[in-house]
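Note that the coordinates shown come from a computational prediction; the quantities given were computed from them, not determined experimentally. Worth knowing before you read on, the calculation uses all heavy atoms, side chains too, and leaves out hydrogens, waters and symmetry mates.
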Amino acid sequence: MDYLYVLHLLIMLLLVSIPAWPCYYLQYGIYIPLLLSASWILFDGCLLTKSQTNLNSNSFTREIYDYIIPGISVKQAQRINTFMLIGITLFGIKQLK
């Protein structure tokens, strides 16, 4: 079992769960998607994805989305990632109000 793959999955589950966090933690956790996006810009992609050598397409999320949407391109996967990060941030902000 590849430990980086498992770590990647755990981080994804953490991100998706942010809107369900209690307000005390949510007020700090809401910045995680923004920091993640900033790190992608700064390092030209995800550091975990770059360190994984067993990926077929150099896109961790594309390989996951491929189970749901067969034949999805890397560009479409990036757009879904952006949509999800914006959605997580917006839902989290709505929970804080």
Side-chain angles (χ1 to χ4, degrees):
M1 167 92 17
D2 185 12
Y3 295 108
L4 288 177
Y5 189 84
V6 172
L7 179 63
H8 231 141
L9 282 175
L10 290 175
I11 290 172
M12 280 186 62
L13 290 174
L14 175 83
L15 281 171
V16 171
S17 72
I18 288 175
W21 292 3
C23 286
Y24 177 76
Y25 298 111
L26 186 60
Q27 65 185 350
Y28 303 108
I30 199 65
Y31 298 107
I32 293 173
L34 300 174
L35 293 172
L36 182 63
S37 296
S39 75
W40 289 347
I41 293 167
L42 185 63
F43 298 112
D44 191 31
C46 178
L47 292 174
L48 279 176
T49 300
K50 288 183 176 191
S51 60
Q52 280 183 286
T53 57
N54 61 343
L55 294 176
N56 295 331
S57 65
N58 291 332
S59 176
F60 174 77
T61 53
R62 195 215 62 81
E63 292 189 6
I64 298 220
Y65 299 149
D66 197 43
Y67 290 112
I68 302 165
I69 308 167
I72 189 170
S73 69
V74 174
K75 192 69 161 174
Q76 288 172 317
Q78 290 172 345
R79 290 180 178 144
I80 292 172
N81 291 342
T82 302
F83 177 77
M84 287 179 60
L85 288 176
I86 291 170
I88 289 167
T89 304
L90 291 175
F91 286 134
I93 289 171
K94 185 176 189 288
Q95 296 296 92
L96 284 175
K97 290 187 177 188

Common cluster, L7/F43, ILVMFWY with side-chain heavy-atom separation under 4.5 Å
no
The side-chain contact (heavy atoms from CB on, under 4.5 Å) partner of I32 among T89, L85, I11, I18 is I18
Between the CD1 atom in I72 and the CD1 atom in I64, the distance rounded to the nearest 0.5 Å is 11.5 Å
Interatomic distance, CG@L35 vs CG@L42, rounded to 0.5 Å, equals 11.5 Å
Original post:
Do side-chain atoms of K50 reach the backbone of D44 as a donor and acceptor pair under 3.5 angstrom?
Top reply: yes
Output for pair (M84 CE, T61 OG1), nearest 0.5 Å, gives 9.0 Å
Residues L26 and Q95: closest non-hydrogen pair is CD2-CB, 3.5 Å
Q. Going by heavy atoms in the side chains, are L36 and P33 under 4.5 Å from each other?
A. no
Margin query: Tell me whether L9 shares a hydrophobic cluster with L15, the cluster being built from Ile, Leu, Val, Met, Phe, Trp, Tyr side chains joined at under 4.5 Å.
Written below: no
query = Just wondering, do S59 and T49 contact through their side chains at under 4.5 Å, heavy atoms?
reply = no
Closest heavy-atom pair, C23 versus L96, reported as atoms and distance to 0.1 Å, is O-CD2, 3.8 Å
As a quick check of understanding, evaluate side-chain contact (heavy atoms from CB on, under 4.5 Å) for W21 and I30, giving each step before the final call.
CA-CA 10 Å; W21 292 3; I30 199 65; over 6 Å; no
**Q.** Stepwise side-chain contact (heavy atoms from CB on, under 4.5 Å) test for H8 and D2
**A.** CA-CA 10 Å; H8 231 141; D2 185 12; over 6 Å; no
Should F83 and L90 be counted in the same cluster of Ile, Leu, Val, Met, Phe, Trp and Tyr side chains packed under 4.5 Å apart? no
d(E63 CD, Y5 OH) to nearest 0.5 Å is 7.0 Å
Output for pair (L14 CG, I88 CD1), nearest 0.5 Å, gives 9.5 Å
To the nearest 0.5 Å, atom OG of S39 lies from atom CG of L48 at 9.5 Å
Would you say that N81 contacts Y65 through its side chain, given a criterion of any heavy-atom pair below 4.5 Å between the two side chains? yes
